[in-house]
Amino acid sequence: MEVIERVSALRAIVTALRCGGKRIGFVPTMGALHEGHLQLLRASARENDITICSVFVNPTQFNNASDYKLYPRSLEQDISLLQTVGCNYLFAPSAEEVYPQQSVLQFSFGALEAVMEGEHRPGHFNGVATVVSKLFHIVQPHKAYFGQKDLQQVAIVRQLVQTLSFDLELVCYPTVREADGLAMSSRNKRLSEAQRQLAPQLYNALQTAAASLQQKPIATIKSDMAQQLQQSNEIKLEYFEIVDPLTLQPLQDVSGQEEVALCIAAYVGEVRLIDNVLVNLKEG
């Protein structure tokens, strides 16, 4: 595996690969890799001739300076993991390389970014769209791989791809979980031992809510969820929404829906975690 730090160097490699008829798979990450990332990388290695991974903690998508500063960084360990899953190139640029001048572009995704993460993290998706657009232009992948844990981000990137006519296929893989149900996340590394024991309560609450979808009104489910999580002083619920899985708009009831998404964000101590589950209401 070759580690690339310069945009110009990666562009030259990609041009040669494409001229040689190679299909390129791309997995964009912010590093601190875990099994969820590795699942995406293995899929890319299976489905493409060449796999490129990026590790870049993107400053423009953080609306909290402390969160950016404390975000886990473990490049040497990431490199060791990437060498085990068929990654051919790692793009690990500096912030100055990606942003040679301050970006003044503004993306708007309408109703899609007015809820959940967009509502609680102003400017977050503008930063996501900016860096993803840059990476897609640099890497020119045939397929780009994302995880379902960041469900709203996937929806934003899907709209970006469609609106800007990026010539690639967006692939979304299910969330990978620890044995106790906690969604794998780079931020989990910031949890204390005691907080790590509490964190699976988010997924447990999602499961409880999912089991009640066709028995209770949504308002009651949301109230029950809040009460369930309030039992721990270490967990502070930011939002819990039951939404259409494509538009991500909140639902007042589930009648007529074939599938719904249950989405949650909460602080466990000072660490903000998100999770979601998709529920097919027609099964069974």
Side-chain angles (χ1 to χ4, degrees), residues 2-15 24 26-33 37 52-76 78-79 89-141 144-147 149-168 170 185-187 190 238 248 265 270-272 274:
E2 186 173 350
V3 180
I4 310 295
E5 297 180 351
R6 302 299 300 271
V7 169
S8 57
L10 185 57
R11 284 189 189 277
I13 290 169
V14 166
T15 299
I24 299 172
F26 178 45
V27 181
T29 83
M30 293 206 298
L33 301 182
H37 297 117
I52 299 175
C53 176
S54 64
V55 168
F56 178 62
V57 183
N58 176 38
T60 66
Q61 69 187 67
F62 286 83
N63 60 332
N64 182 317
S66 176
D67 191 25
Y68 174 66
K69 182 179 179 180
L70 294 173
Y71 195 87
R73 292 164 170 84
S74 54
L75 186 59
E76 289 187 8
D78 292 344
I79 289 172
Y89 297 95
L90 167 61
F91 182 45
S94 65
E96 293 74 21
E97 184 70 13
V98 176
Y99 296 103
Q101 60 271 330
Q102 183 178 357
S103 175
V104 295
L105 286 178
Q106 292 293 315
F107 290 86
S108 175
F109 295 91
L112 193 58
E113 67 170 336
V115 295
M116 298 191 297
E117 294 298 287
E119 178 183 358
H120 291 275
R121 300 180 68 185
H124 171 64
F125 287 124
N126 186 72
V128 169
T130 300
V131 77
V132 168
S133 295
K134 282 174 169 283
L135 290 171
F136 283 172
H137 280 301
I138 295 165
V139 178
Q140 299 181 51
Y145 296 78
F146 292 81
K149 183 181 73 69
D150 297 300
L151 184 69
Q152 192 170 8
Q153 176 176 280
V154 174
I156 290 286
V157 174
R158 182 179 294 113
Q159 185 170 321
L160 185 76
V161 168
Q162 293 171 347
T163 302
L164 298 184
S165 302
F166 281 107
D167 186 18
L168 60 85
L170 194 64
S185 169
S186 301
R187 285 188 169 88
R190 292 182 54 200
E238 187 169 78
L248 301 188
E270 295 183 352
V271 183
R272 186 177 185 274
I274 63 172

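Of the possible polar contacts, none joining the Lys149 side chain to the Ser185 backbone as a donor-acceptor pair under 3.5 Å is found. Side-chain atoms of Glu113 never come within 3.5 Å of backbone atoms of Gln152 as a donor-acceptor pair (strictly under, hydrogens ignored). Between the side chain of Ser186 and the main chain of Gly31, a donor-acceptor pair closer than 3.5 Å is present. Although no hydrogens or angles enter the test, the distance criterion places a donor-acceptor pair under 3.5 Å between the side chain of Glu97 and the main chain of Val7. Asn63 places no side-chain N or O within 3.5 Å of a backbone atom of His124 that could act as its donor or acceptor partner.
Put simply, the side chain of Val98 does not reach to within 4.5 Å of the side chain of Ile138, judged on heavy atoms. Proximity of Asp78 to Leu90: side-chain heavy atoms (C-beta onward) are nowhere separated by under 4.5 Å. Annotation: side chain of Asn126 is not in contact with side chain of Thr60 (no heavy-atom distance under 4.5 Å). The closest side-chain heavy-atom distance from Leu164 to Ser133 is below 4.5 Å. Residues Ile13 and Glu2 are in side-chain contact: their nearest non-hydrogen atoms beyond the backbone lie under 4.5 Å apart. In this structure the side chain of Pro28 reaches within 4.5 angstrom of the side chain of Phe146, judged on heavy atoms.
Classification of the Tyr71-Phe62 ring pair by plane angle, with boundaries at 30° and 60°, yields perpendicular.
For the atom pair CZ of Arg121 and CG of Asp67, the computed distance is 6.0 Å after rounding to the nearest 0.5 Å. Here the CD1 atom belonging to Ile156 is positioned 5.0 Å from the CZ atom belonging to Phe109, to the nearest 0.5 angstrom. The CZ atom of Arg11 sits 13.5 Å away from the CD1 atom of Ile4 when rounded to the nearest 0.5 Å. Rounding to the nearest 0.5 Å gives a distance of 5.5 Å between OH of Tyr99 and CZ of Phe56. We find the CZ-CZ distance between Arg158 and Phe166 to be 15.0 Å, quoted to the nearest 0.5 Å. One finds the CD atom of Gln159 at 12.5 Å from the CG atom of Leu170 (value rounded to the nearest 0.5 Å).
Annotation: cation-pi geometry satisfied between Arg73 and Tyr68 (NZ/CZ under 6.0 angstrom from ring centroid, within 45° of ring axis).
Salt bridge present: Arg272 and Glu117 bring a charged side-chain N and a carboxylate O closer than 4.0 Å.
Residue Glu5 qualifies as open at atom CD: its count of foreign heavy atoms under 6.0 Å is 12 or below.
Between Met30 and Asn58, the closest heavy-atom pair is SD-N, 3.6 Å.
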